[in-house]
Amino acid sequence: MTGAVSSELSRFSSAATCADLHLLTRQNSFRACDYDLAATLTSGQAFRWNARRDSWVGVTHGRWVRLQQQGEIIVAESALAQTDWQWLADYLQVAVNLETVLATFPCDEPMRAAIKACRGLRLLRQDPWECLASFVLSSTKQIGQIRQIVATLCERYGAPVAVPTDEPPPFAFPPPDRLAGLTETELRACKMGFRAPYLLATARLVKEGKCDLQQLSRLEIAEARAQLLALPGVGRKIADCVLLFACGFPAAFPLDVWVLRALRELYYKGNHPTVARLRTFSETHFGPNAGYAQQYLFHFIRTKSPKYIFS
DNA sequence: ACCCAGGCGCTTT
DNA sequence: AAAGCGCATGGG
């Protein structure tokens, strides 16, 4: 923690408890049982968190945040005093009882191994636009490269965000309106290559209200998915990422090359199931929180399998 | 010099 | 319907 925080009032509560008192704090603590913050922030669902010595620094909801896990407590520090920390509680999903989620997973050997290795891994609840735009940029890119593209995009076109002294200046994720006003050339200069026209067209459609991202969570999953699939550069995989990481559909199951790899190796060893077969399997085997299970398989195969050394 | 990387969209079988 | 291919860019 920096010295600037020391004079601030600190408290420990569920996020909204003290909002009525209009307490202004730059620091807040969240009870977070069964929460592995590091695994969660590095598991490829969000691309804007940077590791410090013993904390994580990022921008979400247009605010700079530093997070530090201290056992079953997550301590959050903001740049500006906050009266209400619900936005961060929602983002981190600290109110989710992980045990209840894990109890819905199938009781097979691969899931047991993934749970044992990744216990505490969580799903965040991200801003739909940032999530959508980030994953439009993700195709055939490694996570480190996605992070770099997103960082460049934010540095060039995001609004500056307040930070404590001695912190480098960060930027918010640029909203649809901002990107919609750019040219394809400007986007390509952020090194996103052939993804530039997709992002530009999608930003313009969202700006025009052709897809109301804020309303997706209120729809049936099939309808929400159909609306996302209508956007250029958004196929089944990216649509499911947005449904799972931003719209609160825990059954959405993004089938990417890593998860396909995991399913083949863990459930179909020696066979050669088609993608169609694996999709059917993913939709029938993992239950109401299939997306959570997917995240466990994804993180498990990438970080715990000796076959795949990964940065 | 190759080959691959958290896809998508379009064309060809 | 399934499979192939181009699309930028960067890293091993």
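Basis for what follows: all heavy atoms, side chains included, without hydrogens, waters or symmetry-related copies. In what follows, chains carry the letters A, B, and so on, assigned in the order in which the sequence lines appear, proteins first and then strands, with residues in each chain numbered from 1.
Using a 4.0 Å heavy-atom distance criterion, G44(A) is classed as a base contact. Residue V234(A) is classed as a sugar-phosphate contact, given heavy-atom separations below 4.0 Å to backbone atoms only. Among the protein residues, I149(A) comes within range of no part of the nucleic acid, since none of its heavy atoms lies under 4.0 Å from any strand. Among the atoms of the strands shown, only primed sugar atoms or phosphate atoms (P, OP1, OP2) are found under 4.0 Å from some heavy atom of P232(A). Counting non-hydrogen atoms under 4.0 angstrom, S134(A) reaches nothing in the nucleic acid.
The aromatic rings of W49(A) and Y91(A) sit tilted, their planes meeting at an angle between 30° and 60°. Between F281(A) and H285(A), the ring planes are parallel. Angles under 30° get that label, and only those over 60° would be called perpendicular. The aromatic rings of W87(A) and H61(A) sit tilted, their planes meeting at an angle between 30° and 60°.
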Under 3.5 Å for both distances, Watson-Crick or G-U wobble, that's the pair rule; now give the dot-bracket for DNA chain C, with | marking pairs to another strand and [ ] for crossing ones. |||||||.||||
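With salt bridges taken as basic N to acidic carboxylate O contacts below 4.0 Å, one links R188(A) and E184(A). With salt bridges taken as basic N to acidic carboxylate O contacts below 4.0 Å, one links R236(A) and E283(A). Salt-bridge check for R119(A) with D36(A): failed, with every basic side-chain N at 4.0 Å or more from each acidic carboxylate O.
In terms of polar N and O atoms assigned as donor or acceptor, the side chain of K237(A) never comes within less than 3.5 Å of the base of dG7(B) in a complementary pairing.
Summarising the geometry, the separation between CD1 on I146(A) and P on dC4(B) is reported as 19 Å, rounded to the nearest angstrom. The distance from atom CD1 of I143(A) to atom C1' of dG12(C) is 17 Å, rounded to the nearest whole Å. Remark: C1' of dG7(B) and CD of Q142(A) are 14 Å apart, rounded to the nearest angstrom. Rounded to whole Å, atom P of dA2(C) lies 13 Å from atom CZ of R277(A). Rounded to a whole Å, the NZ atom of K141(A) is 11 Å from the P atom of dG6(B). Atom-to-atom, CG of L228(A) to C1' of dG7(B) comes out at 15 Å; the value is rounded to the nearest Å. In this structure, the CG atom of L229(A) is 14 Å from the P atom of dC10(B), given to the nearest Å. As a whole-Å value, the separation of Q148(A) CD from dG11(C) P is 9 Å.
In this structure, L67(A) and L92(A) have side chains that are in contact, with non-hydrogen atoms separated by less than 4.5 Å.
The gap from the P atom of dG6(C) to that of dC2(B) amounts to 16 Å, rounded to the nearest Å. Separation of the P atoms belonging to dA2(C) and dG6(B) is 25 Å when rounded to the nearest angstrom.
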Might you work through the salt bridge (charged side-chain N to carboxylate O under 4.0 Å, His left out) test for R156(A) and E186(A), ending with a clear yes or no? CA-CA 10 Å; R156(A) 295 191 181 182; E186(A) 288 171 316; over 6 Å; no
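A heavy atom closer than 4.0 Å to some atom of DNA chain C occurs in R188(A), K191(A), G193(A), F194(A), R195(A), these being the qualifying members of residues 180-204 of chain A.
For dA5(B), the OP1/OP2 oxygens have no side-chain nitrogen or oxygen of R302(A) closer than 4.0 Å.
Closest approach to the F298(A) side chain among dC8(B), dG10(C), dG6(B) is made by dG6(B) (side chain taken as heavy atoms from C-beta onward).
Here the two rings, on F47(A) and F135(A), have centers that are under 6.0 Å apart.
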Show the atom names and distances, to 0.1 Å, of all donor-acceptor pairs under 3.5 Å that link a side chain in residues 214-223 of chain A to residues at least two apart or in another chain.
unit_1	atom_1	unit_2	atom_2	d
Q215(A)	OE1	R218(A)	NE	3.1
E223(A)	OE2	Q227(A)	NE2	3.1

